[in-house]
Amino acid sequence: MAEKDNAKSWIVLAGVTFTVFFIFGSIKSLGVLLPALTEQLASDTWIIGACISLMVGWGYTIGLLTNALLVRFGPRVVAVGCGIISNVGLIVCACADNVYTFLIGILLAGFLLMQENIMLGVVPYYFDKHYQTAVSIYCCATAIGITIMPLLTQMFLLNYGWRGALLLICGIGLHTIPVGALLHSERPQKQNQTETIPSISKSIDAPDLKIKNEKDSTKTSRKILSLLTNKPFLARVLVPGFVYGYVFNGWLIYIVSFAIANGASLKESSIVASCGGIGVLIIRMSLPFLNKKLTYKHIMYSSSCLGAVSLILTTIFTSVVGMSLTSILFGIAIGALGAEIYIITKDVADEDQYYNVLAVFHLFTGFASITSGIITGLIYDVTLSFTVSFSILAAVFVLAAVSLGLEDIYNMKNFIATWCRPNIIRYIYREFLKTH
């Protein structure tokens, strides 16, 4: 185990921060390119939107393989490999002449989300005392990405067309490859296996190693399944994670198209999208102070309600100024919810199982992202209006507060059931009589 909270830790964190910046920035960039892609590939809005959401959903789904790949190859090799594959996918997207080729490129680009899974998973390996600070820093990269990348993409699109814009975005993404090389090469559990199985004879060690690997795999599978019956994990992580993936992905992909549909120019629509990033940046810079004053549940309750209100207001105030202000409110809400989920996730898992917990969380987030990309765009194509789509996003946002509320009710019910047992009541009554 490497020493934590040292200089190398902060260098690695810089790489993690850049990766998060590019991942969410590239998703937002594809949202900016959505109208051009729909026109150039001669397709419906919901089909291109679904393809973009597949980048997130597919990337998080293959994230289930992360732990197995890390045990086999180590974080450095897997992260570099994901960086290469994902950027090849962006090049394929830039060369696409039809939806099918674009879809192939998007699926390859999805490995960028698997790289994110690896990068976030190594943060507990490098940080202990400053873990919450590290989370706050790399979470700010999301805000910076969705603030800067739409403006850059809009400039690339006007000067070089959608293909040139995608190639330039890929040029930025190529930097994720050397970032992956910053990670340690130590494979998880490798040291334990070496200490448990001495290298005396290959004929003896091989069967023992196979049996141990099977037991470890079974144990890991049981731990993953046990998370699905863990009520705090379901209420605090999985349901809010589903909400986060559904709402954030729907907003990222369609907010530019929403603004254009309401009469804004491409430049003005990019500004509206960037305002959401400003909101995320504001709240995530403030979270270290808010976490000292409020509990994570207070923050998550508030963000869920604020996010729903901001999306409803977005459908009402359709001027550029109105949409920009509501985007800032949305960014504050979604930024707080996402950061608190990642902080809570570490508390529900041991360090050696952190990758598995992230994989389960991201699997639900990915499923939500795919669903959001399809449903939001499909409703627009049917109604020719984003009002219904954004109203559904607002309704889904409320589910995070509902989930936390149901857990509080369940805990209160258990508390009442425990303290209302007859033997406890009799004990309290006897103690009362003794003192009086």
Side-chain angles (χ1 to χ4, degrees), residues 14-37 48-49 51-53 55-56 59 83 86-87 89-91 93-94 102 105-106 109-113 115-116 119 137-177 179 245 248-260 264-285 323-324 327-328 330-331 334-335 338 369 373:
V16 173
T17 303
F18 174 79
T19 303
V20 175
F21 160 83
F22 178 71
I23 289 170
F24 287 93
S26 62
I27 297 170
K28 186 68 257 176
S29 295
L30 290 171
V32 173
L33 296 173
L34 177 61
L37 292 170
I48 303 300
C51 288
I52 297 173
S53 66
M55 175 181 172
V56 182
S86 61
N87 283 284
L90 290 175
I91 294 174
C93 289
F102 183 76
I106 281 292
F111 278 85
L112 193 61
L113 279 300
Q115 187 180 28
E116 182 206 14
M119 301 299 281
I137 290 173
Y138 74 64
C139 281
C140 286
T142 304
I144 298 172
I146 64 177
T147 301
I148 295 177
M149 290 298 287
L151 300 176
L152 288 176
T153 304
Q154 184 260 341
M155 182 180 65
F156 295 157
L157 180 62
L158 291 177
N159 289 286
Y160 306 105
W162 69 273
R163 295 185 191 275
L166 277 174
L167 289 175
L168 288 170
I169 292 169
C170 177
I172 298 173
L174 287 172
H175 291 83
T176 60
I177 298 174
V179 162
F248 197 23
N249 193 67
W251 184 88
L252 278 177
I253 294 175
Y254 292 107
I255 185 62
V256 172
S257 298
F258 172 83
I260 291 175
S265 65
L266 178 60
K267 183 178 180 180
E268 291 171 335
S269 301
S270 300
I271 293 174
V272 170
S274 297
C275 285
I278 293 172
V280 176
L281 184 61
I282 291 171
I283 189 63
R284 289 188 170 171
M285 290 179 66
M323 288 186 291
S324 298
S327 288
I328 292 175
F330 176 82
I334 202 70
S369 300

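Hydrogens, waters and symmetry mates play no part in the numbers below; they use all other heavy atoms, side chains included. We number each residue from 1, following the sequence as shown.
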- request: With rounding to the nearest 0.5 Å, note down the distance linking CZ in Phe18 to CE in Met119.
  value: 10.0 Å
- prompt: Knowing that exactly one of Val32, Ile144, Ile172, Ile27 qualifies, which makes a side-chain contact (heavy atoms from CB on, under 4.5 Å) with Met149?
  reply: Ile172
Phe330 side chain near Cys275 side chain, heavy-atom distance below 4.5 Å: no
- prompt: Under a 4.5 Å cut-off applied to non-hydrogen side-chain atoms, are Leu34 and Val256 in contact?
  reply: no
query: Is there a donor-acceptor pair under 3.5 Å between the side chain of Tyr138 and the backbone N or O of Gly15?
result: no
- line: Nearest heavy-atom approach of Ser327 to Trp251 is OG-CZ2, 3.9 Å
query: Taking only residues two or more places apart in sequence or in another chain, which ones pass side-chain hydrogen bond (donor to acceptor under 3.5 Å, both in side chains) with Thr153?
result: Ser29
statement: One should read off an interatomic distance between Phe102 CZ and Leu166 CG, to the nearest 0.5 angstrom, of 7.0 Å
task: Report yes if the side chains of Phe248 and Thr142 come closer than 4.5 Å at any heavy-atom pair, otherwise no.
output: yes
message: On a heavy-atom basis, which atom in Cys93 and which in Gly105 lie closest, and how many Å separate them?
response: SG-C, 3.4 Å
- request: Could you check if a side-chain atom of Leu252 sits within less than 4.5 angstrom of a side-chain atom of Leu30, using non-hydrogen atoms only?
  value: no
query: Any idea which heavy atoms bring Ser324 and Val272 closest together, and the distance?
result: OG-CG2, 3.7 Å
message: For a 4.5 angstrom cut-off between non-hydrogen side-chain atoms, does Ile255 reach Lys28?
response: yes
task: Enter the distance from Phe156:CZ to Leu33:CG here, rounded to the nearest 0.5 Å.
output: 10.5 Å
message: Working note: Leu157 + Leu266, criterion side chain to side chain contact (heavy atoms under 4.5 Å, CB included); need CA distance, chi angles, decisive distance, verdict.
response: CA-CA 10 Å; Leu157 180 62; Leu266 178 60; 3.5 Å; yes
- request: Tell me, with the steps shown, if Leu112 and Met55 meet side chain to side chain contact (heavy atoms under 4.5 Å, CB included).
  value: CA-CA 8 Å; Leu112 193 61; Met55 175 181 172; 4.2 Å; yes
query: Which atoms form the tightest heavy-atom contact between Phe24 and Ile146, and what is the distance?
result: O-CG2, 3.7 Å
message: Quick one, Glu116 and Leu113 - any side-chain contact, counting heavy atoms below 4.5 Å?
response: yes
statement: Correct closest heavy-atom pair for Arg284 and Cys140 would be CB-SG, 3.7 Å
message: Strictly distance-based, threshold 3.5 Å: is any side-chain N or O of Gln115 a donor or acceptor partner for the main-chain N or O of Thr176?
response: yes
task: Please answer whether the main-chain N or O of Ala109 pairs with a side-chain N or O of Ser86 as donor and acceptor at a distance below 3.5 Å.
output: no
- prompt: Closest heavy-atom contact between Pro35 and Gly31?
  reply: CD-O, 3.9 Å
- request: Using modelled atom types only, decide if a donor and an acceptor are shared between the side chain of Asn159 and the backbone of Met155 within a distance under 3.5 Å.
  value: yes
Atom pair CG (Asn249) and CD1 (Ile52), whose distance is rounded to the nearest 0.5 Å: 9.0 Å
message: Would you compute the distance between atom CG of Leu168 and atom CZ of Arg163 and round it to the nearest 0.5 angstrom?
response: 14.0 Å
- request: Kindly indicate whether the side chain of Asn87, heavy atoms from C-beta on, has any atom under 4.5 Å from the side chain of Ile91.
  value: no
message: Rounded to the nearest 0.5 Å, what separates atom CG in Leu90 from atom SG in Cys170?
response: 5.0 Å
